[in-house]
Amino acid sequence: MNQQELQALRAMIVAHKRWDTLFGVIGILALMLGLMTFAALFADMAINGLGRISVDFLTSFPSRRAANAGILSAWVGSVLVMLVTAFAAVPLGVAAGVYLEEYAPKNWITDIIEINVSNLAGVPSIIYGLLALGLFVYTFGLGQSILTAGLTLALLILPVVIVATREAIRSIPQIIREGAYACGATTWQVVSDHIVPYSSAGILTGVIIGMARAIGETAPIITVGALTFIAFLPTMPFTGELPAGPFDWLFAPFTVMPIQMFNWTSRPEAAFLSNAAAAGFILVLMTLAMNGLAIWLRYRLRKNIKW
Amino acid sequence: MNAMTDRYETLLPLKAEARNLSFYYGNFQALKNINMPIYEKKVTSLIGPSGCGKSTYLRCFNRMHDLYPGNRYEGAIDFHPDHTDLLSKKVDPIEVRMRISMVFQKPNPFPKSIYENVAYGLRVRGENARSVIDDKVEAALRGAALWGEVKDRLKELGANLSGGQQQRLCIARALATDPELMLFDEPTSALDPIATASIEELITELKERVTILIVTHNMQQAARISDYTAYMYIGEMVEFGVTDQIFIKPKRKETEDYITGRFG
Amino acid sequence: MNAMTDRYETLLPLKAEARNLSFYYGNFQALKNINMPIYEKKVTSLIGPSGCGKSTYLRCFNRMHDLYPGNRYEGAIDFHPDHTDLLSKKVDPIEVRMRISMVFQKPNPFPKSIYENVAYGLRVRGENARSVIDDKVEAALRGAALWGEVKDRLKELGANLSGGQQQRLCIARALATDPELMLFDEPTSALDPIATASIEELITELKERVTILIVTHNMQQAARISDYTAYMYIGEMVEFGVTDQIFIKPKRKETEDYITGRFG
Amino acid sequence: MSEPSARLKKDLTRHVKERVIEAILFLAAFVSVFTTTAIVYILVSESWVFFQHVPLGDFLFDTQWTPLFDDAHYGIMVLLSGTITSSLVALLVAIPLGTIIAIYLSEFAPFAVREIAKPFLELLGGIPTIIYGYFALLFLTPLLQKVYPDLPGFNLLSAGIVMGIMIIPYVASLSEDAMRAVPMALREGSYATGATRLQTALWVVVPSAISGIASAYILGVSRAVGETMILAVAGGMQPNLTFNPAEPGATITSFIVQVALGDLPHGSIGYQTIFAAGLTLMLLTLVFNLIGYYMRKKYREAY
Amino acid sequence: KVDGSSTVYPITEAVAEDFQKSKKNSIRVTVGISGTGGGFKKFCRGETDVSDASRPILKKEMDDCKAAGVEYMEFPIAYDALTVVINPKNDWIKSLTVAELKTIWEPGAQGKITNWKQVNPAWPDRPLKLFGAGADSGTFDYFTEAINGKSKSSRGDFTASEDDNVLVQGVARDVGALGFFGFSYYEENHDKLKAVPIIEKDGKPAVLPSLKTVIDGTYQPLARPIFIYVNVKSADKPEVREFVEYYMKNGEKLVKEVKIVPLPAKAYGYNLEHFSKRVKGTKFGGENKVGVTIEDLMKMEAK
Ligand SMILES: Nc1ncnc2c1ncn2[C@@H]1O[C@H](COP(=O)(O)OP(=O)(O)OP(=O)(O)O)[C@@H](O)[C@H]1O
Ligand SMILES: Nc1ncnc2c1ncn2[C@@H]1O[C@H](COP(=O)(O)OP(=O)(O)OP(=O)(O)O)[C@@H](O)[C@H]1O
Ligand SMILES: [Mg+2]
Ligand SMILES: [Mg+2]
């Protein structure tokens with residue numbers, strides 16, 4: 001290659017790299033747009049709501065007077081419902097994901113399950129509410145309780161958990177499976193000793209995305225009968241009067257954060273709107289805490305897993 | 001073609017014997033009518049160009065192919081002293097794998113502690129007594145010439161070891177359950193020369209206790225460590241014999257061409 | 001250690017020359033002060049045990065290590081005829097890669113049609129004229145001895161070809177842009193013997209037109225196809241010389257041990 | 001040698017135990033099928049009543065949607081047009097932005113940026129949607145009106161855009177995972193021919209990850225189609241047969257929520273329409289998913 | 001257990017709050033919002049003790065209750081005054097007659113009456129933008145019946161929302177806007193909106209909505225009563241009895257406090273009396289009635 005050709009080559013490379021730089025800038029801008037929107041929304045809630053955030057706000061029940069109203073029953077309800085959701089969705093979703101990846105033969109039943117899972121991801125949440133009302137409340141007689149709400153949301157986020165589980169399982173090298181089988185392990189031993197523990201980081205990601213969605217849902221929860229005004233807390237295990245069993249709280253009436261928020265946003269008094277902002281702020285903080293916990297857990301888990 | 005008419009030339013005890021073994025990946029026949037003895041407490045190595053079916057053959061012995069759909073065996077592998085066909089449908093692949101262990105090309109320690117890696121085979125067998133496991137883990141690590149290096153860090157992750165140590169850890173894992181036959185699939189091809197040398201030494205020691213079948217793409221390695229050598233080519237067993245004889249005066253032209261680097 | 005004091009024993013034109021080349025993965029020094037000439041329109045092969053740094057060395061030539069953070073070069077690779085130092089910070093790696101193409105161990109066709117796979121390098125250079133591309137694609141496929149097999153299915157996915165065909169497709173892709181130097185990293189280790197033979201034949205033809213540097217773990221292959229051979233061991237260049245001489249009477253003891261299968 | 005030795009024989013208890021576990025796991029996987037069946041059963045049985053009152057032809061071809069009015073019309077097209085228009089706007093925002101962000105994070109950004117930015121981006125999906133609704137109504141619409149003064153105060157455009165921002169994390173985060181899963185060998189192959197980052201990203205990485213990217217898009221579409229509150233607040237809730245995003249409109253989901261929580265007596269025809277509308281929506285997402293499924297199937301073996 | 005309309009919710013919430021306090025939390029009251037229809041559905045299944053309703057019980061619901069053997073008592077508890085509002089910059093409207101409202105809102109106006117000029121040639125040439133409650137709400141039913149003479153008969157091309165704050169935003173932003181919603185939302189936002197005095201019939205004076213005009217019955221026809229329904233069986237439970245009694249005794253004060261128009265004090269007395277006598281059934285015969293003044297209502301109650 002002579003000098004002249006070399007010059008032409010270099011000129012072309014400079015031209016090409018200009019596009020690279022341009023895209024780099026566009027990429028940063030797009031990323032910033034996303035992050036700034038989040039920051040702006042969060043800041044807006046903070047500004048409108050910060051005046052209302054206090055210990056009282058967290059430890060008071062709802063009230064007709066905006067200044068006295070609090071979110072005690074709402075955040076306790078949210079936490080309990082999320083607990084049920086997590087306890088239902090994680091085992092179910094992981095089991096389903098494990099089945100699809102480790103057991104399922106490649107046949108039409110598997111195909112149907114697969115299409116179903118992704119289809120369920122697109123069913124509007126309110127329809128889950130209608131389903132749960134018919135199924136959990138009336139057919140199974142679970143009542144309009146924390147249990148029903150938790151299970152409903154569990155169904156709602158199941159597809160996300162399943163998809164995340166499958167992706168995580170797929171990233172486990174085949175050689176690890178073969179190593180375990182070669183030791184004489186049964187399929188179930190391989191799954192419980194290896195597949196599930198090693199994919200737990202990825203499963204967590206799915207759980208987090210799902211739970212972040214579940215914690216903000218309103219429509220299905222109202223449909224299954226969440227309340228709005230409730231000025232007492234579910235009986236905690238071992239604290240109530242003696243006949244109360246450790247699982248009574250599952251069947252207690254409840255409300256959750258987003259419902260409280262929606263109710264306040266539709267009230268005429270402006271003071272309630274700042275309550276709503278404050279509740280929104282705390283809701284995002286709760287999500288953030290959940291995420292933070294999971295990201296930390298994920299980090300811990302990943303540290304121990306190297307292929 | 002049957003290169004095995006002279007297979008009973010020695011009077012050594014057999015550990016296993018492949019008889020008319022064919023194997024199919026779906027419609028693709030990867031092994032063609034293989035006959036081959038495996039003598040007890042000897043090292044038998046499989047050589048041959050890439051893709052000739054060495055790994056496929058090795059993995060028939062512990063029924064690894066059962067893990068994937070569409071695979072099919074034909075013929076038999078007679079396992080001694082039970083005189084049972086390992087490939088029979090009535091045989092439980094899990095039992096087979098409990099008696100025949102395997103070491104892979106790339107070290108594949110589980111992301112668990114060194115101790116748990118070695119103990120895994122015992123746990124799978126339902127062994128829970130701490131003292132029994134402790135003893136066997138130590139014995140296996142000693143057997144794999146790793147005990148000295150790791151005895152103070154049994155709680156550390158297996159992945160924190162060097163490549164050669166990891167491979168020895170995998171060998172310890174395979175040893176812990178007292179297998180009767182050990183399969184090695186190119187156990188040193190991902191390792192550096194020094195680690196390779198230590199593994200080769202280890203294999204030579206192991207044959208005191210267990211029968212070994214090893215795949216290698218490295219003829220020098222086969223020459224160094226094995227008692228018997230089989231040369232495979234595109235799914236067929238071309239020649240089987242005492243290693244020295246195969247490398248010094250092979251009976252078949254194809255084997256000679258391969259060994260002297262002139263096949264094609 | 002410098003095994004290269006006699007490196008100008010021939011008077012052939014040089015295509016490139018490594019000078020005091022060292023390379024670091026983070027803190028790990030994978031190449032130690034390597035000196036080596038690469039003669040124009042010859043096939044030079046690199047042999048050595050696994051992990052000795054063959055791939056690492058090869059990938060210095062097209063600055064592949066720049067893709068990963070933490071890697072560091074020392075020394076120089078002088079590229080002729082313009083005497084550009086390939087490793088200089090001032091030289092754009094893209095420019096280097098446009099002049100030096102590479103074929104990898106595992107065939108890695110893009111998920112595109114056969115035609116687009118070969119045309120990729122041209123498109124990257126901004127070539128859009130259909131007729132020019134058509135001509136060059138055909139020439140490259142002919143050069144890679146693949147034209148006859150694929151000329152009627154250029155629109156099909158590259159992944160639909162067999163392993164050996166895929167590797168030839170990758171060679172065609174590397175050829176299409178008229179490189180001055182081609183790098184091959186164990187191009188046949190994932191292929192069966194027949195495909196391997198066809199690739200070897202192809203490489204022998206290619207050297208009429210282009211300089212070739214090839215890594216192989218197969219000494220027979222090195223002996224068959226290369227004019228010059230370099231033996232590496234744990235990051236060092238132990239011996240470089242005319243292939244026949246290296247295989248028949250190596251100067252160094254280490255090389256001889258490796259070639260006769262007795263190192264360690 | 002027909003009978004295997006005792007030591008190698010199949011262990012029956014272990015075999016049975018494994019089968020039982022497999023059956024349990026299968027049931028877990030089947031929950032999704034069961035859920036769908038239950039949903040379809042509820043929707044179909046309830047819309048059955050509806051379709052006895054409203055001919056299917058009217059439902060599909062009428063151009064007005066006034067099921068709750070005295071002069072009732074049941075043209076689902078009207079709601080479909082709103083759903084499709086707002087989803088399209090959302091996708092026009094989310095797909096380019098999400099894809100650009102995904103490419104940037106996977107191919108351009110330094111490690112630290114990627115690890116920090118991604119979780120925060122994912123938080124965008126965790127903000128209550130009502131907040132997005134008011135964001136569209138009180139911030140974005142006035143902003144758009146500055147550029148385009150004729151824009152009504154309630155419109156599908158700003159609702160759609162905000163919806164798009166909301167689903168960016170779905171598109172970006174999942175596509176980025178898919179792109180990162182592309183084997184390094186393909187990237188190396190591209191760089192080795194002298195390609196720049198952008199050329200490699202657009203011509204090799206994206207096509208290779210297309211199946212994963214497609215499922216990210218599908219999930220995004222599904223989320224957009226199923227979104228409610230943003231439209232209820234900022235979209236106008238005005239049944240309007242239009243594909244012009246600059247007009248107000250109503251969507252299937254917002255209609256369902258409105259009626260399900262409204263003052264209508266349950267069991268009335270007006271109430272029953274939500275099931276017919278829900279069924280339509282189910283079918284719509286099913287179509288999207290089937291397309292996505294076949295696309296993925298087609299490209300799955302790409303590398 | 002109380003459930004039902006979101007219009008009545010603030011009152012019931014206030015009552016529940018104070019009632020619980022006065023009982024030192026020994027009695028647990030819960031209040032939900034599932035809409036009047038959803039509330040009645042639960043009420044008629046016997047799941048709730050008290051149902052909040054923004055309209056009288058309808059025929060279908062009466063049947064449901066009967067089928068389930070649920071008997072109920074009906075108590076009006078407050079007035080919901082619908083306020084017609086315009087943008088404060090609108091300087092051409094001083095008052096509106098019911099006839100004019102009808103021209104604007106009747107079904108035939110859909111797509112035709114889109115400009116103020118078309119309603120009254122004296123008014124300027126400005127696009128007319130309409131805002132109102134969603135077609136599933138009691139508010140909407142009542143408004144249409146009062147203005148157009150027939151429940152649910154209305155044009156469809158207006159911006160609807162369940163969330164009156166959204167409507168407030170809409171009207172506040174558009175000079176040509178006209179909307180209707182609950183009085184309290186106007187009260188809270190009267191710096192952003194202007195209420196329109198309504199002329200019921202030619203010859204009658206234009207009346208602005210206010211506490212006084214609603215209570216004395218001059219603000220017509222857009223004031224409607226709202227109710228609670230009590231399950232007769234539950235009424236025998238001491239806690240429900242005490243709750244209802246507390247409701248009626250403190251109703252007036254609490255209703256005012258949540259910015260809703262209370263009934264005259266006398267009316268609560270009647271309610272108490274009826275409660276103790278367990279007067280069952282509805283006075284509305286299963287349909288909405290328009291223009292019922294407090295006087296009428298009390299007369300009906302007296303019957
Ligand atoms: N899962 C599979 N499905 C279909 N064909 C396969 C599969 N695995 C291997 N093969 C084919 O079977 C033949 C033998 O493969 P095998 O892996 O046994 O070769 P090998 O001798 O071990 O080669 P290497 O030295 O590269 O490991 C090859 O042609 C290969 O392409
Ligand atoms: N990305 C990396 N980071 C750190 N060390 C590396 C990396 N890649 C390779 N090495 C180390 O560098 C040394 C040389 O590796 P290289 O891949 O060049 O060997 P090779 O001769 O090509 O071996 P093989 O024949 O197995 O391909 C080895 O010790 C290896 O462990
Ligand atoms: Mg192999
Ligand atoms: Mg290499």
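The basis for the numbers below is simple: all heavy atoms, side chains too, and nothing from hydrogens, waters or symmetry mates.
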Spacing of [X] atom [atom1] and [Y] atom [atom2] [to the nearest 0.5 Å]:
X         : Y         : atom1 : atom2 : answer
Leu33(A)  : Leu97(D)  : CG    : CG    : 6.0 Å
Thr36(D)  : Asn116(A) : OG1   : CG    : 3.5 Å
Leu135(A) : Tyr41(D)  : CG    : OH    : 11.5 Å
Ile21(D)  : Ser192(A) : CD1   : OG    : 7.5 Å
Arg213(A) : Thr129(D) : CZ    : OG1   : 9.5 Å
Gln189(A) : Arg14(D)  : CD    : CZ    : 8.0 Å

| Glu18(D) side-chain N/O to Thr186(A) backbone N/O, donor-acceptor pair under 3.5 Å |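 Here the side-chain-to-backbone pair does not exist.
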| Main-chain N/O of Leu198(D) paired with Asp20(A) side-chain donor or acceptor, under 3.5 Å | yes
For the interface with chain D, which of [options] has the highest count of heavy-atom pairs at distances below 4.5 Å?
options                         : result
Ile162(A), Leu130(A), Ile215(A) : Leu130(A)
Leu131(A), Val160(A), Ile127(A) : Leu131(A)
Ile109(A), Val98(A), Ile28(A)   : Ile28(A)
Leu29(A), Ile126(A), Val94(A)   : Ile126(A)
Ile115(A), Val117(A), Leu35(A)  : Ile115(A)

| Checking side chain to side chain contact (heavy atoms under 4.5 Å, CB included) for the pair Thr37(A)/Phe135(D): CA distance, chi angles, key distance, verdict? | CA-CA 10 Å; Thr37(A) 310; Phe135(D) 177 67; 4.1 Å; yes
| task | For side chain to side chain contact (heavy atoms under 4.5 Å, CB included), just list the numbers for Lys17(A) and Arg197(D), CA-CA rounded to whole Å, side-chain angles, deciding distance to a tenth of an Å, and then say yes or no. | result | CA-CA 8 Å; Lys17(A) 291 190 88 168; Arg197(D) 269 180 201 279; over 6 Å; no
| message | Under the criterion side chain to side chain contact (heavy atoms under 4.5 Å, CB included), I'd like the reasoning laid out for Glu107(D) against Phe23(A): C-alpha separation, chi angles, the key distance, then a yes or no. | response | CA-CA 11 Å; Glu107(D) 306 296 312; Phe23(A) 185 87; over 6 Å; no
Segment of [X] engaging chain D (4.5 angstrom heavy-atom cut-off):
X         : answer
Met45(A)  : side chain
Asp44(A)  : neither
Leu31(A)  : both
Leu120(A) : side chain

Can you say whether [X] sits under 4.5 Å from chain A via the side chain, the backbone, both, or neither, judging by heavy atoms?
X         : result
Leu121(D) : both
Leu290(D) : side chain
Phe139(D) : neither
Ile42(D)  : side chain
Phe275(D) : side chain
Leu284(D) : neither

Partners passing side-chain contact (heavy atoms from CB on, under 4.5 Å) against [X] (at least two apart in sequence or in another chain):
X         : answer
Ala164(A) : none
Leu92(A)  : Leu158(A), Ala28(D), Val31(D)
Ile24(D)  : Val20(D)

| Do Trp19(A) and Thr196(D) have side-chain heavy atoms sitting under 4.5 Å apart? | no
| request: Could you check which of Ile168(D), Ile39(D), Val225(D), Thr253(D) has the highest count of heavy-atom pairs closer than 4.5 Å to chain A? | output: Ile39(D)
| Where do Thr187(A) and Glu22(D) land on the side chain to side chain contact (heavy atoms under 4.5 Å, CB included) test, with the steps shown first? | CA-CA 9 Å; Thr187(A) 313; Glu22(D) 181 172 352; over 6 Å; no
| request: May I ask you to list the residues in residues 278-290 of chain A that approach chain D closer than 4.5 angstrom, counting heavy atoms only, ordered by number? | output: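 The stretch touches chain D at Leu283(A), Val284(A), Thr287(A), Leu288(A).
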| message | Ignoring hydrogens, what is the shortest heavy-atom contact between Leu25(D) and Ala95(A)? Give both atom names and the distance. | response |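 Answer, listing the atom of Leu25(D) first, then Ala95(A): CD2-CB, 3.5 Å.
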| How are the rings of Tyr99(A) and Phe26(D) set to each other: parallel, tilted or perpendicular (split at 30° and 60°)? | perpendicular
